[in-house]
Amino acid sequence: MPEKFTKPYNPVEVEGAIYKKWEDSGYFNPDKLPGERTESFSIVLPPPNVTGSLHLGHAYEDTLQDIVIRFQRMRGKKVLWLPGTDSAAIATQARVEKNIQKEEKKTRHDLGREELVKRVHEFAKSSETTILSQVRKMGASLDWSRYAYTLDEKRNLAVLTAFKRMYDAGLIYRGHRIVNWDPKGQTTISDDEVMYEEEKGTFYYFQYGPFVIGTSRPETKFGDKYVVMHPDDSRYKDYTHGQKIELEWINGPITATVIKDTASDPEMGSGAMTITPWHSMADFEIAERHGLDKEQVIDRYGKLLPIAGEFAGMKISEAREKIVEKLRQKGLVVKVDDAYTHNIATSERTGATIEPQVMEQWFIAVNKSFVIPHSEIPGITSGSETTLKDIMRAAVESGAVDMPQEGFRKTYFHWIENLYDWCISRQIWFGHRIPVWYREQEVYCGVTPPEGDGWEQDPDVLDTWFSSALWTFSTLGWPEDTKDLETFHPTSFMSPAYEILQLWVSRMILMSGFHLGQVPFKKVMIHGLVRAKDGRKFSKSLNNGVDPLEMIEKYGADALRMGLIVGAVIGSDIRFDEQKVKAYKLFANKVWNIARFVLSQERTGDIKTELKEEFDALAKEVTADMENYRVYMAAEKLYHYLWGRFAAEILEESKGKPEYGKTLYYILENSLKLLHPFMPFITEEIWNSMPGKKELLMVEEWPIK
RNA sequence: GGGCGAUUAGCUCAGUUGGUAGAGCAACCCCUUUACACGGGGAAGGUCACAGGUUCGAGUCCUGUAUCGCCCACCA
């Protein structure tokens with residue numbers, strides 16, 4: 001028996017060396033795995049942002065994937081787990097800008113585009129190093145030789161190519177549409193980055209000619225020259241669509257036009273409303289339907305424009321009261337309701353109140369028909385007319401993307417139904433620049449800049465989710481026709497947090513559907529959030545963060561992995577409890593001592609049929625659990641068997657009985673294999689001392705075929 | 001406003017096709033027994049949110065109620 005077993009198991013001493021042994025073996029790379037492997041299995045790591053360091057959410061997600069990956073590798077598949085990082089354009093730039101603001105008292109405009117982008121790249125590089133070393137500490141068996149970064153050369157080519165092809169297909173267009181404008185960040189943000197916060201406000205009722213209209217935003221009302229009512233509203237049956245009415249408004253008499261539209265809710269207030277198409281999504285839709293004028297009232301900095309007359313140049317917050325006061329003097333204020341609560345849209349990143357604006361932006365048309373040249377997705381035939389939305393729906397409906405969690409599937413479909421065109425341009429500097437150039441009236445879109453002088457490139461960059469959406473195939477070499485792409489796409493499995501079901505999952509399906517005619521992954525298991533013990537989110541402001549590295553230092557990566565995974569049904573939130581991690585450190589030590597005892601025995605006697613059958617039954621159950629992604633159950637079963645049955649009963653019974661020898665070795669050897677995906681370090685370390693071992697445990701054969 | 005989910009032992013949660021309730025942690029008692037005190041043994045703890053229904057039988061299926069949570073959303 002090796003000397004090391006005379007002491008309690010100390011993970012800190014051995015984990016680093018074991019990871020190095022795995023890495024040196026080359027087995028993380030599917031091309032270097034031993035044996036004949038025909039079936040492939042692949043996962044692309046959801047790329048962590050380069051903004052920070054590893055948190056428990058990553059630790060959980062990495063553990064889940066590593067368990068699946070190690071299991072499949074041991075089952076003899078050609079296994080690829082591909083690592084990468086995400087530039088996360090807005091988040092990263094915001095972070096760096098904040099630092100510059102703090103340390104140098106400068107804005108990005110002081111530095112200029114080139115310098116800022118350089119600084120952001122430097123920052124991204126340094127935090128990339130940090131986060132990758134942390135991922136290694138978790139024991140993640142990633143193929144580092146295929147490492148990808150959303151802004152590296154290959155991924156850049158993929159992004160530009162994807163843009164070009166969708167542009168040529170007419171699915172990417174530039175248009176004036178209403179977008180979420182962040183006046184503080186001076187950029188548009190996607191619907192998904194808008195947060196709604198409840199706010200107590202004031203609701204005003206104004207006299208608008210013969211009508212009473214309600215609003216919480218008097219400052220937008222200057223340009224309101226349409227009054228909308230439901231066509232079936234009997235109160236207004238004497239007014240006809242298109243009728244002109246002269247009336248007195250904020251800055252004098254105006255001519256209003258009556259519009260009949262079903263968007264108006266008769267139950268709401270007086271049933272009549274005026275609209276501000278430039279600054280409201282709903283109003284914009286109505287204006288589009290009837291071909292109405294749209295006028296800008298508020299500028300990009302949140303100030304009123306000349307249309308506001310005497311209020312021009314004022315910030316909306318200071319103008320509001322003054323406008324109401326003026327209306328009051330004119331006798332146009334009917335009622336003021338102070339106890340009004342409503343949700344206001346704010347920017348997730350900057351916290352600023354979103355000001356909807358009509359702006360010229362780039363969009364992806366999700367409802368526009370196009371002919372798909374090639375499709376492997378059931379329900380979408382090659383050469384048929386389809387839309388991106390149809391692709392997204394069909395991929396999941398047909399089961400090509402297996403999304404077994406019913407609740408999430410419902411959420412997914414519900415979201416698809418309500419999908420608008422995706423605004424992909426962002427007014428920041430860090431990220432993939434839009435590959436479109438202008439010269440006078442000419443527009444050029446291409447992967448490389450146009451020939452000739454006088455061209456100017458579009459200043460905007462792409463939404464970070466554009467490149468993320470290509471991730472499953474851009475990482476495999478697309479747009480080139482690579483061997484990797486053929487072997488590993490569609491990928492086998494994806495396990496994202498439910499937070500990014502729409503943001504990411506659906507858009508991956510969109511992109512890989514359009515560009516490859518394939519789904520991005522065959523199975524998706526959406527997981528929950530890791531929360532603090534009290535159920536609250538981990539956050540900087542609460543200062544309740546737990547550093548995974550600290551947990552690894554204290555209890556070992558194996559214990560942390562078990563603590564995160566056991567008893568955590570995939571899909572629901574998990575409450576992190578340090579006690580649980582501690583308990584699995586004790587379990588690691590238990591396993592260690594089981595090995596110590598067994599290795600001190602002679603391999604004598606015959607394998608006892610009854611005990612073997614009992615163990616094999618467990619192995620079968622565990623295998624079934626693994627195949628059905630019930631990893632939390634598999635882990636718990638192994639824990640119970642090893643501690644409660646093997647250690648507590650079988651070992652005790654065997655004491656002083658040499659005929660048990662072979663049986664004990666049989667159980668230990670196979671237990672190590674079953675346990676390896678969960679606790680890779682300690683099992684590999686024990687395996688190293690097993691008599692007759694030939695290979696690393698990570699590539700040993702799984703006990704059940 | 002729409003959608004989704006949760007409610008089981010003090011705490012965190014399992015409970016796979018309906019068949020007499022489980023685990024870990026915590027708390028309690030005992031034991032320095034030769035693999036392990038990072039251990040061993042023992043005992044305790046639950047009208048499975050509530051009300052109906054289906055069934056021979058319901059934590060599990062159906063309907064409703066309550067509470068909590070999450071996601072989405074253009075209510076003037």
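Proteins get letters first, then strands, A, B, ... in listed order; numbering begins at 1 in each. The structure presented is a predicted model; accordingly, all values stated were derived computationally and were not measured.
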What is the nucleic acid contact for [X], judged by heavy atoms within less than 4.0 Å: base, sugar-phosphate only, or nothing?
X       : result
F203(A) : sugar-phosphate
Y632(A) : sugar-phosphate
A272(A) : nothing

Worksheet item: Hey, is the main chain of F678(A) close enough, under 3.5 Å, to the side chain of R561(A) for a donor-acceptor pair?
Response: yes
Among [options], the one nearest [X] by side-chain distance:
X       : options                : answer
K410(A) : G5(B), A35(B), A14(B)  : G5(B)
M633(A) : C70(B), C13(B), A14(B) : A14(B)
F597(A) : G39(B), A35(B), A76(B) : A35(B)
A648(A) : A23(B), G39(B), G41(B) : G41(B)
Q579(A) : C36(B), A23(B), C25(B) : C25(B)
S216(A) : C38(B), A76(B), A35(B) : A76(B)
M273(A) : C38(B), A76(B), U16(B) : A76(B)
A583(A) : A35(B), A14(B), G24(B) : G24(B)

Worksheet entry | Base A35(B) to side chain E652(A), donor-acceptor N/O within 3.5 Å cut-off | yes
Worksheet item: Within the modelled atom types, does a donor on one side and an acceptor on the other bring the side chain of Y420(A) and the base of C74(B) under 3.5 Å apart?
Response: yes
Worksheet item: Does the ring centre of Y60(A) sit less than 6.0 Å away from the ring centre of F576(A)?
Response: no
Worksheet entry | Sub-6.0 Å ring centroid separation between Y629(A) and F493(A) | yes
Fill in: Y498(A) and F408(A) aromatic ring geometry - parallel, tilted or perpendicular at 30°/60° bounds
parallel
